[in-house]
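Source: prediction; values computed, not measured.
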Amino acid sequence: MLNIKSLLIGLLIAVFAKDIVSNTLHNNAVEKFLGNDGLKLSIILPTNSQEWKVVDVKETLSAAVDINGESSCVHMKPITPEYQVTSILEDGTKICCNMSKSKPSMFVPYRELPNGSTEFLCGYYPDHQVVRVDKI
């Protein structure tokens, strides 16, 4: 009986340890994206407990109508990886960024660059993408 309890406790620890490591790696990637150097204990906190500036993807990363009347992502520049990845939300909205299917979030961290452009970090580590919207 003791062996079964020990086995179950070990199994639970293994399952939660995987989530904790995954969350920590993602939070570390976001901290690097934001330019925050050094290792902080806050990276082990859940993503929704972080104090990053975030924006709703539907407001800023939705496809726009181009000059041909088509839904397009030409106003976005993929930074990492250097090819455009689009995602379709459950409501049919086309988003010009890679939104994680495993841990979807409609709010993504962003940073403003000195030239007025804005970069967004979409998705969840390691399947994340950085896109830039240049100031017009």
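- Between the side chain of N98 and the backbone N or O of D127 there is at least one donor-acceptor pair closer than 3.5 Å.
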Does L34 form a side-chain contact (heavy atoms from CB on, under 4.5 Å) with K53? I'd like the steps, not just the answer. CA-CA 10 Å; L34 295 173; K53 296 188 303 183; over 6 Å; no
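- To the nearest 0.5 Å, the span separating CG on D91 from NZ on K58 amounts to 3.5 Å.
- With contacts defined as side-chain heavy-atom distances shorter than 4.5 Å, the pair T86/C73 qualifies.
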Would you mind writing out the side-chain donor-acceptor pairs for residues 77-84 within the sub-3.5 Å range, not counting sequence neighbours?
| from | atom 1 | to | atom 2 | distance (Å) |
| --- | --- | --- | --- | --- |
| Q84 | NE2 | C96 | O | 3.1 |

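- The side-chain heavy atoms of I44 and N23, taken from C-beta on, include no pair separated by under 4.5 Å.
- Between the side chain of D66 and the backbone N or O of N68 there is at least one donor-acceptor pair closer than 3.5 Å.
- Under the 4.5 Å side-chain heavy-atom criterion for grouping Ile, Leu, Val, Met, Phe, Trp and Tyr, V131 is connected to L89 within one hydrophobic cluster.
- Under a hydrophobic clustering in which Ile, Leu, Val, Met, Phe, Trp and Tyr are joined whenever their side-chain heavy atoms come within less than 4.5 Å, directly or via other members, Y110 and F107 fall into the same cluster.
- Summarising the geometry, atom CE belonging to M76 is positioned 6.0 Å from atom OG1 belonging to T60; distances are rounded to the nearest 0.5 Å.
- The two residues Q50 and I43 make their nearest non-hydrogen contact at NE2-CA, 4.2 Å.
- Between W52 and H26, the two ring planes are perpendicular [angle over 60°; tilted spans 30° to 60°].
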Check against side-chain contact (heavy atoms from CB on, under 4.5 Å), H128 and V30: CA-CA 10 Å; H128 59 280; V30 174; over 6 Å; no
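- S87 places a side-chain N or O within 3.5 Å of a backbone atom of C97 that can act as its donor or acceptor partner.
- Both I95 and V54 sit in one connected hydrophobic cluster of ILVMFWY residues. Membership requires side-chain heavy atoms under 4.5 Å apart, directly or through other members.
- Hydrophobic cluster membership differs between L121 and L45, with clusters built from Ile, Leu, Val, Met, Phe, Trp and Tyr side chains linked at under 4.5 angstrom.
- Rounded to the nearest 0.5 Å, atoms CZ (R132) and OG (S117) are 6.0 Å apart.
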side-chain contact (heavy atoms from CB on, under 4.5 Å) between L61 and M99, worked out: CA-CA 11 Å; L61 302 177; M99 301 304 294; 5.5 Å; no
Do V133 and F120 pass the side-chain contact (heavy atoms from CB on, under 4.5 Å) test, and can you show the C-alpha distance, the side-chain angles, and the key distance before you say yes or no? CA-CA 8 Å; V133 176; F120 304 89; 3.7 Å; yes
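- Annotation: the span from F33 atom CZ to N28 atom CG amounts to 14.0 Å, rounded to 0.5 Å.
- Of all heavy-atom pairs spanning H75 and S72, the tightest one is CE1-O, 3.6 Å.
- Across all their heavy atoms, K32 and R111 have their closest contact at O-NH1, 4.4 Å.
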